[in-house]
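The structure under discussion appears below in the form of structure tokens.
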Amino acid sequence: MMNVIIAAKFLRSPKKLSFDEPKVASLALGAVALVLAATFGLGWMIRGADGAALAEMQKLRTELDAQRVALDAARSEAQMEVNAIAARVGELQAQANRLNALGERLTRVGKLKDGEFNFGELPGQGGAEGAGDMPSRELLASLDALEAQFDHSGNQLSVLEALLFDQSLEADAVPAGMPAPGYISSGYGGRNDPFGRGRAHHMGIDIDANTGDPVTAAAGGVVSFSGVRNGYGNVVEIDHGNGYTTLYAHNSQNLVRAGDVVRADQQIARVGSTGRSTGSHLHFEVKLNGRQVNPRQFLQKARG
Ligand SMILES: [Zn+2]
């Protein structure tokens with residue numbers, strides 16, 4: 001038997017509660033068991049959740065490791081390609097430096113005007129393909145093409161260098177000989193305008209020739225212009241590197257491009273009647289230091 005005395009202000013006198021002892025003990029035991037069970041249960045639940053999370057994390061870590069390995073492989077592969085491209089760019093840079101130095105030297109020694117040379121245009125660009133990452137293979141291929149272009153320019157420069165510095169070729173650079181088969185139909189200087197607009201100064205000579213006849217370089221040099229020019233139609237201009245330039249106009253077709261090195265007597269165009277022309281003929285001009293001179297004085301000259 002267990003007696004509990006409860007004393008409180010609101011009670012007039014302390015109250016005595018009597019419990020049956022086994023009943024209390026069993027109640028207390030029950031309460032303790034409940035608390036323990038709850039604690040264990042919660043603990044077990046927490047530990048279980050933890051375990052699942054750990055397993056999940058382990059799985060993620062494994063996946064991450066796999067991805068890291070793949071990424072490393074991709075990175076090293078990309079790096080190899082980047083290295084290949086960097087090496088190629090380095091080569092191109094070295095070539096460009098060499099070409100620039102050579103070009104400067106030629107411009108200085110050959111007394112060529114700055115910016116007069118165009119060592120071949122780059123291949124045409126553009127197209128209908130959509131934008132996107134350029135496959136490295138394609139990039140390398142375009143670098144190869146660029147390299148070939150550099151090689152071409154380099155070779156041209158080398159030939160030009162020989163042309164300008166080799167004394168035996170020097171005589172070759174003075175215009176000589178007829179640039180087209182035919183007779184001189186119109187001389188240099190004052191003449192009646194062929195279009196009936198009075199007197200005009202003729203800047204060159206006209207050589208009567210048939211459409212398609214070969215137009216040949218009057219001397220060795222580098223093509224400084226090839227294209228259409230107002231009045232002249234299709235025109236080729238050659239810089240001979242010693243102050244002389246020659247011009248060939250009204251061509252039906254130009255066969256050389258700016259930057260091409262040409263030898264004396266090499267065919268550069270076909271006779272035509274493009275531009276301001278009354279019929280098939282070659283209009284031929286010679287300039288010395290940028291001013292037109294009478295070409296006739298050169299046409300009879302024999303080449304040395
Ligand atoms: Zn003319």
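Values in this document were obtained by computation on a predicted structure and should not be read as measured data. Values below: all heavy atoms of this structure, side chains included; hydrogens, waters and symmetry mates excluded. Counting convention: from 1, in listed order, for ligands and their atoms alike. Residues take their numbers from the sequence shown, with the count starting at 1.
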- Look at the side chain of Ser226 and the backbone N and O of Val256, then say whether any donor-acceptor pair between them is shorter than 3.5 Å. yes
- With sequence neighbours excluded, residues passing ring pair (Phe, Tyr, Trp, His ring centres under 6.0 Å) with His281: His250
- Begin from the C-alpha positions of Leu255 and Ile268 and carry the test side-chain contact (heavy atoms from CB on, under 4.5 Å) through to its verdict. CA-CA 5 Å; Leu255 302 175; Ile268 54 168; 5.7 Å; no
- Which value, rounded to the nearest 0.5 Å, describes the distance between Arg291 atom CZ and Thr245 atom OG1? 13.0 Å
- Query: Which protein N, O or S atoms lie under 2.8 Å from the Zn ion (ligand 1)?
  - Reply: His202 NE2, Asp206 OD1, His283 ND1
- Message: Tell me whether Thr274 contacts the main-chain N or O of Asn251 through its side chain, where contact means a donor paired with an acceptor under 3.5 Å.
- Response: yes
- Task: Verify the distance criterion only: is there a donor paired with an acceptor across the side chains of Glu285 and Tyr232 at less than 3.5 Å?
- Result: yes
